[in-house]
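Some notes on the structure that comes next.
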2 protein chains.
Amino acid sequence: MTISNLSDGEGLRLAAADAGLLEGGIRSAGLKVTAPRLAVLRALTDRPHSTADALFGVVRADLPGTSLQAVYGVLASFTSAGLVRKIEPAGSPALFERRVGDNHHHIVCTHCGVVHDVDCAVGHAPCLTPADALGFDVRAAEVIYWGLCAQCQAESALP
Amino acid sequence: MTISNLSDGEGLRLAAADAGLLEGGIRSAGLKVTAPRLAVLRALTDRPHSTADALFGVVRADLPGTSLQAVYGVLASFTSAGLVRKIEPAGSPALFERRVGDNHHHIVCTHCGVVHDVDCAVGHAPCLTPADALGFDVRAAEVIYWGLCAQCQAESALP
DNA sequence: CATTTTGTTTTGAGTAAATCAAAACAATTC
DNA sequence: GAATTGTTTTGATTTACTCAAAACAAAATG
């Protein structure tokens, strides 16, 4: 599979527009630019908080030869290169997003599973300092809010 | 397997002392009191932040006939009865603890995986209010701090 | 431009953690 | 003590993910 069959038909113009940005991001992370990587990164741009499997579904539409393992491989390399962030909410397969480098958190619907980004709670870097760090050298604080999303609240209020 | 072969030998006195408390806890959660449930609850008292598998290892020493699935079943019933809390740190199998009902969080060592409880960060119920809840009815905030524990810091500083 | 090197993807197998279902069984209720 | 209800065992199954070797493509090099 070569980069030249990356896109076809109506996706071509969009792909051409994005390609530079996506490609630059991958390249400047010190990774080789390949068709599966471009496809995964594009899919993730459109659909943040996706599972590997969901991304595989999107990617294989663009690039039919792509394997699920390739998607896992791409995501692993992106994650360790700091190009994407992996989140693992309880009870869910891992989710991935392109928004990295800021200290943002997530809010997850306990009913439908939808995930949204939320900015940090209190002031500058809230929750980044535990009451007592017990001698740990704390590097990160991960916050997940759980609750009912607006739509599921509305649905649960129906007769 | 009956409750009568719950313990033997030197564990008997301790078991007798605990049995009332453990039994009362299970019963008042509306669950039947069984040998596997007592054994799991006792194991969890001694070793908070254990996996189902680790608890299975402890329980089968007391109660050799116990199956791993029984341990999963016991933990599921305890969790939904509010008798234990299940935590699922990224990259780890689920951990269980008896400390419930308070809003405490966890600090996990990125190197050795050890988990400790930490009280809430700032004031009363910090992090319980996101900057913007996006219409969600927020019910819980889960905070996990990641860092190097004191021992792993010491070991990484060696020649 | 051709070649080599390095890194990526495919193919296929394998694993860990957890779940499901039916039959056997035990705790509580009556 | 019998009936009822809930729990545990047994055994199979699933999901999410990982590993390894061979095939292959991208980038570096001459």
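We name chains A, B, ... by the order of the sequence lines, and we start the count at 1 in each one. Side chains are part of it too, since the values below use all heavy atoms of this structure and drop only hydrogens, waters and symmetry mates.
When the side-chain hydrogen bond (donor to acceptor under 3.5 Å, both in side chains) test is applied to B/T45, the partners found at least two apart in sequence or on another chain are B/R98. In this view, B/D53 satisfies the salt bridge (charged side-chain N to carboxylate O under 4.0 Å, His left out) rule with no residue, not counting sequence neighbours. Residues forming a ring-ring contact (aromatic ring centres under 6.0 Å, His included) with B/H106 (at least two apart in sequence, or on another chain): B/H49, B/H104. B/R85 is linked by a salt bridge (charged side-chain N to carboxylate O under 4.0 Å, His left out) to B/E97, counting only residues two or more places apart in sequence or in another chain. Under the side-chain hydrogen bond (donor to acceptor under 3.5 Å, both in side chains) criterion, A/Q151 pairs with A/E155, sequence neighbours left out. With sequence neighbours excluded, no residue forms a salt bridge (charged side-chain N to carboxylate O under 4.0 Å, His left out) with B/R47.
Atoms CZ (A/F56) and P (D/dT15) sit 15 Å apart, rounded to a whole Å. The interatomic distance linking A/L38 (CG) with D/dA26 (P) rounds to 10 Å, in whole Å. Atoms CG (A/L75) and P (D/dA16) sit 14 Å apart, rounded to a whole Å. In this entry the distance linking CZ of A/F78 with C1' of C/dT9 reads 13 Å, nearest Å. Regarding A/L31, its CG atom lies at a distance of 6 Å from the P atom of C/dT8, rounded to whole Å.
At the phosphate of C/dA27, neither OP1 nor OP2 sits under 4.0 Å from any side-chain N or O atom of B/R37.
Each of C/dT9, D/dA25, D/dT8 was ranked by its minimum atom distance to the side chain of B/A70; first place goes to D/dT8. Comparing C/dA27, C/dT9, D/dT9 by their nearest atom to the side chain of A/T34 picks out C/dT9. Out of C/dA27, D/dA26, C/dT9, the shortest distance to the side chain of A/K32 is found at D/dA26.
By the 4.5 Å heavy-atom criterion applied to side chains, B/S156 and B/H111 are not counted as neighbours.
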Worksheet item: How would nucleotides 14-23 of chain C be written as a contact map, 5' to 3', with B for base contact, S for sugar-phosphate-only contact and - for no contact, using protein heavy atoms under 4.0 Å?
Response: ---SBBB---
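Comparing the start and finish of the helix from C/dC1-D/dG30 to C/dC30-D/dG1, five pairs each, the helix axis swings through 30°, to the nearest 10 degrees.
Under the 3.5 Å distance criterion, the side-chain polar atoms of A/R37 are matched with a main-chain donor or acceptor of A/K32.
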Cut-off 3.5 Å, no hydrogens considered: what does the side-chain donor-acceptor table look like for residues 86-95 of chain A, sequence neighbours left out?
unit_1	atom_1	unit_2	atom_2	d
A/E88	OE1	B/G91	N	3.2

